[in-house]
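Remarks on the structure that follows.
When reading the values below, keep in mind they use all heavy atoms of this one structure, side chains included, and skip hydrogens, waters and symmetry mates. Throughout, protein chains are lettered first and strands after them, A, B, ... in sequence-line order, and every chain is numbered starting at 1.
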Amino acid sequence: MFLDLLSLILLVSAALWTVMTRSLLRSAIGLALTSAVLTVIMFKMEANLAAVFELSVCAGLIPVLFVSVVSLTQPYTHQEILERMKSMFARFRLLPVILIGVGLILVLLGPHSQVQLPLPESGENTRFILWHLRQLDLLGQVIILLGGVFGVAVLFKERKKSA
Amino acid sequence: MSALLILVPFFSVLILNLPLKGIRKLAFGGAICLSLLQMAAVFIPDAAFWKINPHAFGSIFSFELSADSLSKVILFCIGLVSFSALFATRQTLKDSAGRFNFINIILIAVAGMNGVALAQDIFSLYIYLEITAISSFILIAFNRDILGLEGAFKYILLSGVATVLMLAGIALFMLIAGSTSFAVIHAVLLNHNKDFLISLGIGLFIVALFIKSGLMPFHGWLPDAYTAAPAAASVLLAGVVTKIAGVYVLIRILVSVISFSPAIKSILLLVGALSAILAAIAALTQSDFKRMLSYSSISQVGYIILGVGSGSVLGIAGAALHIFNHAAFKSLLFLNSAAVECQLGSRDIEEMGGLAKQMPVTSLTSIIGSLSCAGIPPLAGFWSKLVIVIALWMAGFRAYAVIAVLGSILTLTYFLILQRKVFFGKPNAEFKDIKEAGFSLTFPALILAALIIGAGIFTPFILNRFILSFNSIFGG
Amino acid sequence: MLSAIFVVLLFIIGIYCIMASYNLVRALIGLEILIKAVTLLIIAAGAKSGHLHLAQALVITVIVVEVVMITVAVGVVVGIHIYNNSLDVRKVRRLKG
């Protein structure tokens, strides 16, 4: 119970650092950190397969994408970053206050649901569900990857000089 | 067997990209054939084709898909609009390699939209919606001009927020029902009293769909995306993509999963009326051809939502009919705007004038499209608007019926302004040598115009049967 | 129930980040945080209702979709940067609502 709470608090703090840190590079690293903490939480909930995906893709691949876009586009000098830091801090300083407030409200008078939960599933495992019951989703995944390939082909194509 | 509607476009994309000599030349013809086949397939009367058939492809694949009258209307619209958009690519995209990619992405979008129309599971619905959305992002940004990229970015952000809300709704439904299938959730929701979690899930889902269909408080992305997209992409987006991603899914969820309640009805009516009126007023003030059409699109979606909000079979049937009519006349009008833009190199309607003489086909078809949109009898748009107004009146929402009629008058006003400024009025000397647009823009426009007139004349004869066929969708 | 509260907090962070940042990449990072929140929600809902395997199957699909979406978004952001030489949203507002 205590460990659960601790890891959830860690998750929100990592997310908060991700959005409040002034450098985009650190922001991308913060995102990886958030994903990593989420992976730990998912392991603790015994969602092992999904946790592995989260770790490899969301904590690995996506931050790399963000880091590369930041390094491709980083337009600011160190001086500019320092100047922007102040305005950013002004815009985001309310966020932690809001979070603590909302968190307290939810803990104190969170609406309690009396919803009746369904019967737990019978002994199927994730692999069976994914490959036998959710084939439509698998087909969708393949199509969306194909779409992504075309997206990369179109959007990252070498630009003609005239453009 | 209805899974073929997803599999065939998907495998065509794969085959077109095989490293074979000359296969790329087949792309346009093949895609046109596919869209025609899809329109023909809707009329397959065999019930077994459309029902869930788990072992259609041996025991390896089992796709849970099924279609009722509503899905069939949508499938026909997808075929029709992709047909027009494909033709539009021929004149608006000069570079042949680019056009090949464009056609492939349209096919992927068609596979995604067919999946949305046929899915019987809210999570499958989500993934096929994402396929559609991602192909539209690419289509909007296709030319990589700055407006297109910015429009695409806005769309990505808002659509991303909408999908996250939708996923949260799906997670709550899964918590309550233990499954994501329409039938299971529907059964569980019927047995539950209104619990806090259920209301939250429904609310999240509906807000997500409002964003996706670009209704009035959430419309920020829509005019930018439509205006900035390449002409062929605007035809596809305005004609069918947002109608599927927002309105169709909304109707499907309301009918098959959560069923109507007084609160949902009043929200739908309010948002629908707001969009129908405010977007029409916004359209009055636009000077960009495509932007005016975009606002008109929002206003017409408002109409469809008003029909849905009446909560009756008649209202749903009217909404479906209006989705079809909207697909026809809005694709037609966007084709006209593409023709004008292609010939003049400008979209500013203040600069234009007197184009009726120089572009007779475009002018004539755009008059037909505008009048159908404004609901002038006997064109097709009149009948769907009539059904929606009658449904509202009969359900007791008389004030909303009056608002709907008022919205029609506003629609007529802005289209008259558009016609006067573009095709009639004083000719601009600068555009003296303008000629009619090429065959690939006038041909689909003529077909759509003929369809609007034909549907308008025949609708009274099939209206009864059409509405009756919607009775069944409330049964299951 | 405990994780539900933290999901709400993550949602607030993500939405706040999208609305308050002037930078396109940071807005995308806000979107990513929203997706993290919803991933946690799906897994927690699955664990709570005893349908964890279904929830895992869904999360894997969500992750695949997320990657493709972010890739396309990054392509768009790089394109915008080539034109504007800046990722500042305030320069992007040439389109008016």
Side-chain angles (χ1 to χ4, degrees), chain B residues 121-124 126-131 133-138 140-141 143-161 163-180 197 200-201 204 219-225 227-228 282 291, chain C residues 4 7-8 10-11 14-15 18-19 24 27-28 30-51 54-55 57-59 61-62 64-66 68-84 87 89 91-97:
Chain B
D121 180 297
I122 45 176
F123 193 76
S124 305
Y126 151 77
I127 179 158
Y128 283 92
L129 271 178
E130 276 303 275
I131 295 172
I134 283 175
S135 17
S136 351
F137 303 154
I138 306 170
I140 295 170
N143 286 340
R144 290 195 295 173
D145 50 353
I146 185 67
L147 290 179
L149 290 166
E150 287 172 1
F153 191 82
K154 260 192 168 181
Y155 189 16
I156 289 175
L157 265 194
L158 276 165
S159 162
V161 173
T163 37
V164 165
L165 296 180
M166 189 183 279
L167 274 174
I170 290 174
L172 291 177
F173 285 142
M174 192 188 72
L175 174 70
I176 297 156
S179 164
T180 51
L197 279 180
L200 184 64
L204 286 170
H219 70 288
W221 62 271
L222 192 143
D224 294 341
T227 313
R291 194 166 268 272
Chain C
V7 169
V8 175
L10 281 180
F11 256 94
I15 295 274
I18 290 178
M19 298 208 308
L24 299 180
L28 281 185
L31 192 57
E32 268 292 303
I33 294 208
L34 282 182
I35 299 177
K36 295 282 155 306
V38 94
T39 311
L40 178 62
L41 181 63
I42 294 175
I43 289 292
K48 178 92 178 167
S49 68
H51 286 75
L54 175 64
L58 303 192
V59 164
T61 313
V62 171
V64 171
V65 173
E66 174 190 349
V68 175
M69 193 181 79
I70 293 295
T71 314
V72 172
V74 162
V76 171
V77 168
V78 172
I80 292 177
H81 180 258
I82 291 172
Y83 274 96
N84 282 359
L87 291 178
V89 188
K91 291 192 183 161
V92 176
R93 301 238 163 103
R94 76 183 68 192
L95 297 163
K96 293 223 172 60

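Only the side chain of B:Ala141 comes within less than 4.5 Å of a heavy atom of chain C; its backbone N, CA, C and O stay farther away. Heavy atoms of C:Val38 lying under 4.5 Å from chain B belong exclusively to its side chain. Only the backbone of B:Ser179 comes within contact range of chain C, judged by heavy atoms closer than 4.5 Å. For a residue to count as touching a neighbouring chain, one of its non-hydrogen atoms must lie under 4.5 Å from one of that chain's; by this rule C:Ala55 touches chain B with backbone and side chain alike. Of the two parts of B:Ile140, neither the backbone nor the side chain holds a non-hydrogen atom closer than 4.5 Å to a non-hydrogen atom of chain C. Within the 4.5 angstrom heavy-atom criterion, no atom of C:Val7 approaches chain B.
The candidate from B:Phe137, B:Phe123, B:Trp221 with the greatest count of non-hydrogen atom pairs under 4.5 Å with chain C is B:Phe123.
Pairing each heavy atom of B:Gly160 with each of C:Leu31, the nearest pair is C-CD1, 3.7 Å. Heavy-atom minimum distance, C:Ala45 versus B:Ala171: CB-O, 3.6 Å. Across every non-hydrogen atom of C:Thr61 and B:Ile127, the tightest pair is CG2-CD1, 3.3 Å. Of all heavy-atom pairs spanning B:Gly178 and C:Leu54, the tightest one is O-CD2, 3.9 Å.
Note that CD1 of B:Ile146 is 9.5 Å distant from CD1 of C:Ile82, once rounded to the nearest 0.5 Å. Considering CG of C:Leu58 and CD1 of B:Ile170, their distance stands at 8.0 Å, rounded to 0.5 Å. Between atom CG of residue C:Leu41 and atom CG of residue B:Leu175 there is a gap of 8.5 Å, rounded to the nearest 0.5 Å. Distance CD/C:Glu66 to CD/B:Glu130: 10.5 Å, rounded to 0.5 Å. Distance check, rounded to the nearest 0.5 Å: NE2 of C:His81 to CG of B:Leu149 gives 13.0 Å. Once rounded to the nearest 0.5 Å, the distance linking NE2 of C:His51 with OG1 of B:Thr180 reads 10.0 Å.
For the side chain to side chain contact (heavy atoms under 4.5 Å, CB included) with B:Leu167, the lone residue among C:Leu34, C:Ile42, C:Val59 that qualifies is C:Ile42.
The side-chain contact (heavy atoms from CB on, under 4.5 Å) search around C:Ala57 returns A:Ile129, A:Leu130, A:Arg134, not counting sequence neighbours. With sequence neighbours excluded, no residue satisfies ring-ring contact (aromatic ring centres under 6.0 Å, His included) with B:Phe153.
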What's the verdict on side chain to side chain contact (heavy atoms under 4.5 Å, CB included) for B:Leu165 and C:Phe11, showing C-alpha distance, side-chain angles and the deciding distance? CA-CA 10 Å; B:Leu165 296 180; C:Phe11 256 94; 4.2 Å; yes
